[in-house]
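Beneath this line is the structure, given in structure tokens, with notes to follow.
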Amino acid sequence: MSVELNHTIVHSRDNRESAEFLATILGLEVGDAWGPFIPVSTSNGVTLDFASVPAESITMQHYAFLISDEEFDAAFQRIREQGITYYADPHGKQPGEINHHYGGRGLYFMDPAGHGMEIITRPYGNEE
């Protein structure tokens, strides 16, 4: 068996709010609660299990999602419709812009718990 990431726990102030936020942006489904977790599964089988924790215990993490051009267009539209601030860079120095790394498109935005989210259409290092 090859090694695959199966799931990870994402700390949030409100697990349902954060799960629904990401699922809405990416066009995914929010799964049924499982114990203290609200799951959102990606197409490659990785599940993000959102867990509510005290706000002061949340450490900002970064989550990057590789999506198709069509999915990027749809996600980008939802981001703009919801008035979510987005950036071309991870440090927030290029607000309202997207990047074109490796011939694709990408952007960064924050989720309700303060995690850095990224959507890209080409993997880093892909010179095609």
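On a predicted model such as this, the values are computed, not experimentally measured, just so you know. Computed over heavy atoms, backbone and side chain alike; hydrogens, waters and symmetry mates excluded.
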- Roughly how far apart are Thr8 OG1 and Leu48 CG, rounded to 0.5 Å? 7.0 Å

- Item | Met117 side, atom CE; Leu107 side, atom CG - distance, nearest 0.5 Å |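 Atom-to-atom, Met117:CE and Leu107:CG are 12.5 Å apart.
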
Nearest heavy-atom neighbours spanning [X] and [Y]:
X: His62; Y: Ala64; value: NE2-CB, 3.8 Å
X: Ser68; Y: Thr121; value: O-CG2, 3.9 Å
X: Arg122; Y: Tyr102; value: CG-O, 3.5 Å
X: Ala75; Y: Ile119; value: CB-CD1, 3.9 Å
X: Gly114; Y: Met110; value: O-CE, 2.9 Å

Hydrophobic clustering (ILVMFWY, side-chain heavy atoms < 4.5 Å, transitive) - are [Y] and [X] grouped together?
X: Ile98; Y: Leu26; answer: yes
X: Met60; Y: Tyr87; answer: no
X: Leu66; Y: Leu22; answer: no

- Message: Within the 3.5 Å criterion, strictly below it, is a donor on Thr42 or Asn44 matched to an acceptor on the partner's side chain?
- Response: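 Side-chain D/A pair, Thr42 to Asn44: present.
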
- Does one side chain, of Glu118 or Tyr108, offer a donor that lies under 3.5 Å from an acceptor on the other? yes

Ignoring hydrogens and angles, tell me if any N or O in the side chain of [X] forms a donor-acceptor pair with the backbone of [Y] under 3.5 Å.
X: Ser12; Y: Ala51; value: yes
X: Thr24; Y: Glu20; value: yes
X: Asn15; Y: Phe37; value: no
X: His101; Y: Gly125; value: no
X: Asp111; Y: Ser18; value: no
X: Gln77; Y: Ala74; value: no
X: Ser41; Y: Gly45; value: no

- Any side-chain heavy-atom pair from Phe65 and Ile120 closer than 4.5 angstrom? no

- Message: Counting neighbours of CD on Glu29 that are heavy atoms of other residues, nucleotides or ligands and sit closer than 6.0 Å, is the number greater than 12?
- Response: no

- Query: What do you reckon, is NE2 of His91 surrounded by more than 12 foreign heavy atoms closer than 6.0 Å?
  - Reply: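 Incorrect, the count does not exceed 12.
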
- Qualifying residue, where the test is salt bridge (charged side-chain N to carboxylate O under 4.0 Å, His left out) with Asp73 and the options are Arg105, Arg78, Arg80: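 When Arg105, Arg78, Arg80 are each tested with Asp73, the salt bridge (charged side-chain N to carboxylate O under 4.0 Å, His left out) holds only for Arg105.
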
